[in-house]
Amino acid sequence: MLAGAALIALTLGLRAWVLRHAYFIEDDFLFVADAAASPLTFDYLTSLHKGHFMPGAKLLVAVLTALSPYNWTLAAGTMLALHGAAAAATFRLLGEVWGWRWAILAPLAVAVCAPLTVPVLAWWSAALNAIPFQLATALALLWTVRYLRHGRERDAWLAAAAVVGGMAFSVKALLLPLLLFAVAVAFHTPGPLTWAPSAALRARPRFWTGMGALFLGYLVVYMSRPADAEGAGVPALKAALGQARRLLLETFPVGAVGGPFSWGPVTPAGGLLQPHPALVAAAWTVLAAMVGVSLLHRPRWAWRAWALLVGYLVCVDLVPTLVARGRYHELVGYDPRYVADAALVFAFCVAWAFLAPRWEESAAQRPVRQRIRLPRRLLRGTAAGATAGFVAAASVSTAAYADTLSGDRVHWYLDTVRASLAAIPEEAGVFPRPVPEDIVLPWNGHRRFSSFLLSPLAGDDAERIADPQPAALPMVLNDAGFLVVAEPAPDSVFLGPPDDGECVETLDGQVLHQVSTFGHPGHVLGLSYVSDRDAETTVGLDTVTQTTVLPAAPYGGSWYVPLTGKGQTLVIKVPDEVCLTWVTFGELVPSVEGNPWEQEDLEEKTE
């Protein structure tokens, strides 16, 4: 037990080091912003996120956001703790079935050290689904095995609770009851395999009826949720075939045997596993050797174990991936996150293929025709050497993955934003603009604006960021995260006075100008004016207008009003005593990029 605990501790230490290089990225921002903006309601918890039904994950996000939004230590530490719990549950599962012996260290290493499970831990959004699902799978297998062996009702309820817990975090958990039934049929039901399914059902009818009810109940709840345009869809044939080939024939085998040693291409969320053909060939050689030796050593059980693994990869990993991502680029198949959960099942199948469970009859009682005897010393020496080599290779691959992470850049950006929003001028309005593409990609549309994503960092001023109000001083966050004075974008609408006048021309006090906007969260109306007193002014698009008060500015002033609606006509109505000197409408952009204080110092030195 001490050796297994030491292996788990070593693995967790290495992955904690990887997490130091990672940080929030892409969907992580969407989760935190959504949690900060939404009340903790049933609709919030059960709404789909890009096809994922994950009320447990959303509840966890809401709790962590309420405690400390965008706190990487808290978020990553929670996932690492759950990852450690999954490793401990896997170790307990192996001990339950095969006893506390040295031989279980090999499958344990496969489960806890496999590089397949590293990228999914380093990306918080993916970890929210995958890590609790891994824990649920290990616990469900553990308690199901106990129930099948001893018939204790308590273990049946615990297995059901583990399945429900997995379903709260991952859609893949829908298929957990099928995995448990397959394990019961293949390894825990005596007699010919053709009769095993019916025999398993007759042996524990209430248990399997309950598991079937969980399967159907989850399916009904999932299908009843409003459709998500970013979720499931009909796969494109070429893309789906390419993804399937890469996922099953390259990504999984290489990651399962300790590769890939180097990662690429690199995405904002880290490197993909696109292995060299020679490495693919080597991985398949290793797997073929494992299958061949196991079929010689334990023919009755080995082929069942490998069939279970193939069935799991296809049904639990490949099919959901193609339904969710089969319309996109074939490179999706190089993302190990989609097969990360298979590492545990692979380890479980390796153990069944090579090791006799505690309750199996002794070798002396077993008919010789059931297997070909292989020298025990050879098997043990080979297993020990292979395990040590696998751990070394997996550690190298894990460390190499850390080099593909860009957490320092994002960390620095968020720290800069947090510091900038801690001292917002009283007269300023902080208006929305898209965050940099390496933070959240453009395909997220209006959800990638600072008003939504970054308002949780503003503390007591969060509402000023999330719902900006008219202000005299326009400010935005530049791409470096600094809060700076804003100016109209070059493509903004601009209206000025005629050549022989000082004020913008009005008709009965109104300015009407044709525009075309379909609802842009960053559009702002800018008014420059002269007025001896406060002046109530009407502004809007088409017939949707609002009233704002221009502060008195006898020597001239400016006022900026967010207009985020749809419309074809810009409407401005001012009192007769107000002289509009110019009008702009469009996005605001930072007047200074980078660190404004460094630029001021540079300008002073230049002068």
Side-chain angles (χ1 to χ4, degrees), residues 4-25 27-28 31 52 54 56-57 59-61 63-64 71-95 105 107-142 162 165-170 172-173 176 255-256 258 269-270 273 316-317 335-348 390-391 394-395 397-402 405 407:
L7 178 61
I8 292 173
L10 175 66
T11 302
L12 291 178
L14 182 57
R15 297 187 181 201
W17 179 77
V18 171
L19 288 174
R20 291 186 60 188
H21 293 75
Y23 206 65
F24 297 106
I25 192 70
D27 283 26
D28 300 350
F31 276 118
H52 293 284
M54 44 191 294
L59 177 60
L60 179 58
V61 172
V63 171
L64 297 181
N71 185 325
W72 180 245
T73 300
L74 180 62
T78 301
M79 289 300 104
L80 188 64
L82 290 174
H83 185 62
T90 301
F91 191 25
R92 188 68 187 86
L93 169 64
L94 295 172
L105 291 181
L108 178 65
V110 170
V112 302
C113 299
L116 287 174
T117 61
V118 177
V120 79
L121 176 64
W123 187 5
W124 189 50
S125 298
L128 286 168
N129 299 133
I131 304 303
F133 175 56
Q134 293 170 17
L135 174 59
T137 301
L139 291 175
L141 285 170
L142 170 62
M167 288 176 170
F169 288 86
S170 175
K172 285 185 176 183
L176 262 183
L273 198 161
V316 181
D317 286 338
D335 193 336
R337 298 175 185 90
Y338 297 115
V339 289
D341 50 283
L344 166 59
V345 179
F346 179 49
F348 188 67
F390 172 81
V391 172
S395 299
S397 296
T398 299
Y401 183 75
L405 298 173

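Quick caveat: nothing in here was measured; it's all calculated off a predicted structure.
- To the nearest 0.5 Å, the span separating CG on L94 from CG on L105 amounts to 9.5 Å.
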T398 and V18: side-chain contact (heavy atoms from CB on, under 4.5 Å), yes or no, with the steps? CA-CA 8 Å; T398 299; V18 171; 3.7 Å; yes
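- Using a distance-only test at 3.5 Å, with no hydrogens or angles considered, a donor-acceptor pair links the side chain of W72 to the main chain of L19.
- Two residues are said to be in side-chain contact when any heavy atoms from C-beta on lie closer than 4.5 Å; M167 and L176 fail this criterion.
- One distance of note links NE2 of H52 with OG of S125; it measures 9.0 Å at 0.5 Å rounding.
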Show your reasoning for whether side-chain contact (heavy atoms from CB on, under 4.5 Å) applies to F169 and F133. CA-CA 7 Å; F169 288 86; F133 175 56; 5.6 Å; no
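- Closest approach of P119 to P336, counting heavy atoms only: CG-CG, 3.5 Å.
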Can V61 and L128 be said to form a side-chain contact (heavy atoms from CB on, under 4.5 Å), step by step? CA-CA 9 Å; V61 172; L128 286 168; 3.5 Å; yes
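- The line from CG of L344 to CG of L141 is 6.5 Å long, rounded to the nearest 0.5 Å.
- Taking both residues in full, the closest heavy atoms of A130 and V120 are given as CB-CG2, 3.2 Å, listed atom of the first, atom of the second, then distance.
- Looking at every heavy atom in both residues, A402 comes nearest to W17 through CB-CZ3, 3.6 Å.
- Between F31 and W124, the two ring planes are perpendicular [angle over 60°; tilted spans 30° to 60°].
- Looking only at distances, no side-chain donor or acceptor of N129 sits under 3.5 Å from a matching main-chain atom of S170.
- With contacts defined as side-chain heavy-atom distances shorter than 4.5 Å, the pair N71/L64 does not qualify.
- In this structure, the separation between CG on L121 and CZ on R337 is 10.5 Å, given to the nearest 0.5 Å.
- Atom-to-atom distance recorded for F348:CZ and L93:CG is 5.5 Å, nearest 0.5 angstrom.
- Across all their heavy atoms, V118 and Y401 have their closest contact at CG1-CD2, 3.8 Å.
- If you take CG on L80 and CD1 on I131, they are separated by 9.0 Å, rounding to the nearest 0.5 Å.
- By the 4.5 Å heavy-atom criterion applied to side chains, L135 and L139 are counted as neighbours.
- For the pair A114 and G255, the tightest heavy-atom approach, listed with the atom from each and the gap, is CB-O, 4.1 Å.
- The nearest pair of heavy atoms linking A87 to I8 is O-CD1, 3.7 Å.
- Proximity of a side-chain donor or acceptor of T11 to a complementary backbone N or O of C113 within less than 3.5 Å is not detected.
- Looking at heavy atoms from C-beta onward, Q134 lies out of side-chain contact with T137 at the 4.5 angstrom threshold.
- Within 6.0 Å of CZ on R92 lie more than 12 heavy atoms contributed by other residues, nucleotides or ligands.
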Pair L60-M79, side-chain contact (heavy atoms from CB on, under 4.5 Å): steps then yes or no: CA-CA 11 Å; L60 179 58; M79 289 300 104; 3.6 Å; yes
